[in-house]
2 protein chains.
Amino acid sequence: MDRAGTDGVADKRKLYELLWGTPSAPRRGPRPTLTLAAIAGAGIAIADADGLEGLTMQRVAESLDVTKMALYRYVPGKAELVGLMIETAVGEPPAPPQGAGWRDQLDDWARQMFDRFRRHPWALAATVGARVMGPNELGWLERALAALTGTGLNGGEMLDVAVLLLGHARNLAQQVSAMDTGTPEQALESGLGALLRGREERFPALIAAVGSAAAHAAQDQALDFGLARILDGVELLIRTRHP
Amino acid sequence: MDRAGTDGVADKRKLYELLWGTPSAPRRGPRPTLTLAAIAGAGIAIADADGLEGLTMQRVAESLDVTKMALYRYVPGKAELVGLMIETAVGEPPAPPQGAGWRDQLDDWARQMFDRFRRHPWALAATVGARVMGPNELGWLERALAALTGTGLNGGEMLDVAVLLLGHARNLAQQVSAMDTGTPEQALESGLGALLRGREERFPALIAAVGSAAAHAAQDQALDFGLARILDGVELLIRTRHP
DNA sequence: AGTACTCTGTATCCGACGGACACAGTTTAG
DNA sequence: CTAAACTGTGTCCGTCGGATACAGAGTACT
């Protein structure tokens with residue numbers, strides 16, 4: 001019960017040092033053959049190909065031509081390696097489109113976030129639960145809030161909007177990654193359709209919706225749809241603040 | 001690369017049988033001392049207390065007074081056990097509030113979903129990526145779509161709305177579970193605030209937002225806020241369909 | 001009633017994984 | 001030139017998921 005709690009604190013300290021600490025160059029001893037960036041890159045390559053289950057200290061070490069234990073000179077443990085991989089994979093936040101309004105900026109922000117999660121599907125599973133955020137991750141958040149300054153929303157509302165958009169991007173990336181072939185609606189048909197076949201009386205509304213979705217041949221529009229709904233709702237709120 | 005793909009098919013078959021197959025009562029041999037429900041319940045209790053990392057076949061077996069290998073007579077493997085736990089933990093979808101409009105129904109649906117994820121935080125991590133859904137999980141989806149029938153939306157749009165709401169409930173449950181003490185805004189202050197302290201020039205908008213959020217002393221309103229924005233957006237769309 | 005068959009739980013074993021620890025080699029500070 | 005510090009390696013251990021073989025329990029058939 002408290003096992004996860006007690007050394008969870010120590011783990012947070014270690015990861016914080018790893019993500020935010022200044023890279024102190026030691027003065028003696030042989031030169032390190034590896035760098036944190038190289039290790040994170042190797043880990044990302046493996047996780048991109050085989051997911052988090054395929055990520056092994058052994059495999060990371062092999063891809064860098066080192067022994068497994070050599071990695072522990074750079075990274076306290078596997079959890080911290082994954083944390084470092086997340087920070088590296090999200091990367092620096094992109095520059096906002098100049099001269100655009102808050103809506104276009106947030107739209108672009110959410111789509112960029114979606115793209116990152118699409119490129120690194122393992123990041124979805126790795127970013128559940130409490131964790132220490134790094135500079136890059138915080139930079140993305142900063143950029144979303146910067147887009148909202150001057151809209152009349154208060155701080156809490158701005159944070160809520162950012163959380164809302166981030167959740168949608170995450171959710172859609174997961175939805176799309178889960179069904180890696182074709183459009184979401186297409187995979188919905190093959191995956192859900194197989195389950196629903198022969199159970200029409202039990203899920204009538206679901207059957208009708210899936211059938212209609214397949215008939216309309218609507219392509220990958222789930223991201224656009226949710227984004228439009230959310231931003232419509234936010235715009236409505238902002239308009240009531242600036243009558 | 002194809003390792004996850006090849007036996008992933010077999011795993012899906014097994015889990016499908018487990019979730020959708022009829023419980024065939026064998027005619028010979030000694031009576032089973034366990035039931036699938038009991039196993040799933042034991043697993044849920046452990047995961048509720050210590051998370052998915054604390055879930056071990058050993059511990060599940062111990063809590064049922066059986067050997068570890070006895071579980072494999074009921075469940076093909078740990079992945080399938082987790083799948084069964086998910087299906088059991090979400091449970092049957094609640095009855096919709098009678099006589100309510102689509103908006104109230106969906107509002108209630110999303111909050112119920114949020115509650116389930118709050119009660120079983122491990123379910124968030126367990127439901128990432130492609131997976132086989134069970135009858136209960138599909139029942140929840142059915143209920144959301146049933147609430148939307150008659151609004152004039154087509155099947156694809158109805159599915160998109162359901163995905164949008166589900167994502168928000170998941171996202172907020174994760175956000176709240178990540179910071180288990182106090183309100184989200186409060187934990188945001190202690191967690192983010194600690195990171196931001198001393199870096200004011202780097203994250204100005206973030207600093208301002210967090211400070212303002214703490215000053216307004218807004219309590220757990222992120223769920224309400226996002227829900228209101230989303231449903232506002234959906235209502236706007238429905239109104240344009242029924243002028 | 002007895003026998004053969006089938007199903008259950010157990011005991012033992014294995015490979016993979018994360019990680020601790022001691023050691024040898026290498027580079028720089030004094 | 002020597003001592004200190006740092007790096008990578010080899011070895012070892014505990015834990016976990018899972019395969020397999022086996023012994024006992026209960027039922028169907030003769």
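Residue numbers start from 1 in every chain, and the chains themselves are labelled A, B, ... in the order their sequence lines are given, proteins ahead of strands. Here the structure is a predicted model, which is why all the values come from computation and not from measurement. Heavy-atom basis, side chains included; hydrogens, waters and symmetry copies ignored.
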* What's the CD-C1' distance between Glu53(B) and dG17(D), to the nearest Å? -> 16 Å

* To do: Kindly say whether Pro93(B) contributes a backbone atom to a donor-acceptor pair with the side chain of Arg143(B) at under 3.5 angstrom?
  => no

* To do: Nearest whole angstrom, please: distance from the P of dC17(C) to the CZ of Arg59(A).
  => 9 Å

* To do: Could you check whether Leu81(A) gets within reach of a base, just the sugar-phosphate, or nothing at all, counting any heavy atom under 4.0 Å?
  => nothing

* CZ of Arg202(A) to CG of Leu138(B): how many Å apart, nearest 0.5 Å? -> 8.5 Å

* To do: Decide yes or no on side-chain contact (heavy atoms from CB on, under 4.5 Å) for Asn171(B) and Val163(A), but give the supporting numbers first.
  => CA-CA 8 Å; Asn171(B) 190 42; Val163(A) 166; 3.4 Å; yes

* **Side-chain (Gln174(A)) to main-chain (Leu124(A)) donor-acceptor, under 3.5 angstrom** => no

* Structure fact -> To the nearest angstrom, the CD1-P distance between Ile39(B) and dT8(C) comes to 11 Å

* To do: Determine the contact category for Met57(B): base if any of its heavy atoms lies under 4.0 Å from a base atom, sugar-phosphate if only primed atoms, P, OP1 or OP2 are that close, otherwise nothing.
  => sugar-phosphate

* Would you please confirm or rule out a distance under 4.0 Å between OP1 or OP2 of dG8(D) and any side-chain N or O of Thr67(A)? => no

* Tyr72(A) vs dT7(D): side-chain N/O to OP1/OP2 distance below 4.0 Å -> no

* Asked: Taking only residues two or more places apart in sequence, or in another chain, which ones meet Tyr74(A) in a side-chain hydrogen bond (donor to acceptor under 3.5 Å, both in side chains)?
  -> none

Under 3.5 Å, which N/O atoms of the protein pair with N/O atoms of nucleotides 2-7 of chain C?
{"residue": "dC5(C)", "atom": "O2", "partner": "Arg28(B)", "partner atom": "NH1", "Å": "3.2"}

* Asked: So, is Arg31(B) close to the dT27(D) phosphate, meaning a side-chain N or O under 4.0 Å from OP1 or OP2?
  -> yes

* Asked: dT7(D) P sits how many Å from Leu64(A) CG, rounded?
  -> 16 Å

* Asked: Separation of Met69(B) atom CE from dA19(D) atom P, in whole Å?
  -> 7 Å

* **CD/Glu92(A): more than 12 non-hydrogen atoms of other groups inside 6.0 Å** => no

* Asked: Between Leu52(A) (CG) and dC17(C) (P), how many Å, whole number?
  -> 14 Å

* Asked: When you check the phosphate oxygens OP1 and OP2 of dT8(C), does a side-chain N or O of Thr33(B) lie under 4.0 Å from one of them?
  -> no

* Structure fact -> Between the CG atom in Leu55(A) and the CE atom in Met85(A), the distance rounded to the nearest 0.5 Å is 5.0 Å

* **Stepwise side-chain contact (heavy atoms from CB on, under 4.5 Å) check, Leu15(A) with Trp20(A)** => CA-CA 8 Å; Leu15(A) 185 51; Trp20(A) 291 93; over 6 Å; no

* Asked: What is the distance, rounded to the nearest whole Å, between atom CD of Gln58(B) and atom P of dA11(C)?
  -> 12 Å

* Roughly how far, to the nearest 0.5 Å, is the CG atom of Leu172(B) from the CZ atom of Phe117(B)? -> 12.0 Å

* Could you state the atom-to-atom distance from NZ of Lys78(A) to C1' of dC16(D) in whole Å? => 13 Å

* 5'-most contact on DNA chain D: Leu55(B) or Lys68(A), nearest heavy atom basis? -> Lys68(A)

* To do: Check for a donor-acceptor pair, side chain of Glu142(B) on one end and backbone N or O of Ala205(A) on the other, with a separation under 3.5 Å.
  => yes

* Asked: Between the axis at one end of the helix from dA1(C)-dT30(D) to dG30(C)-dC1(D) and the axis at the other (five pairs apiece), what's the angle to 10 degrees?
  -> 0°

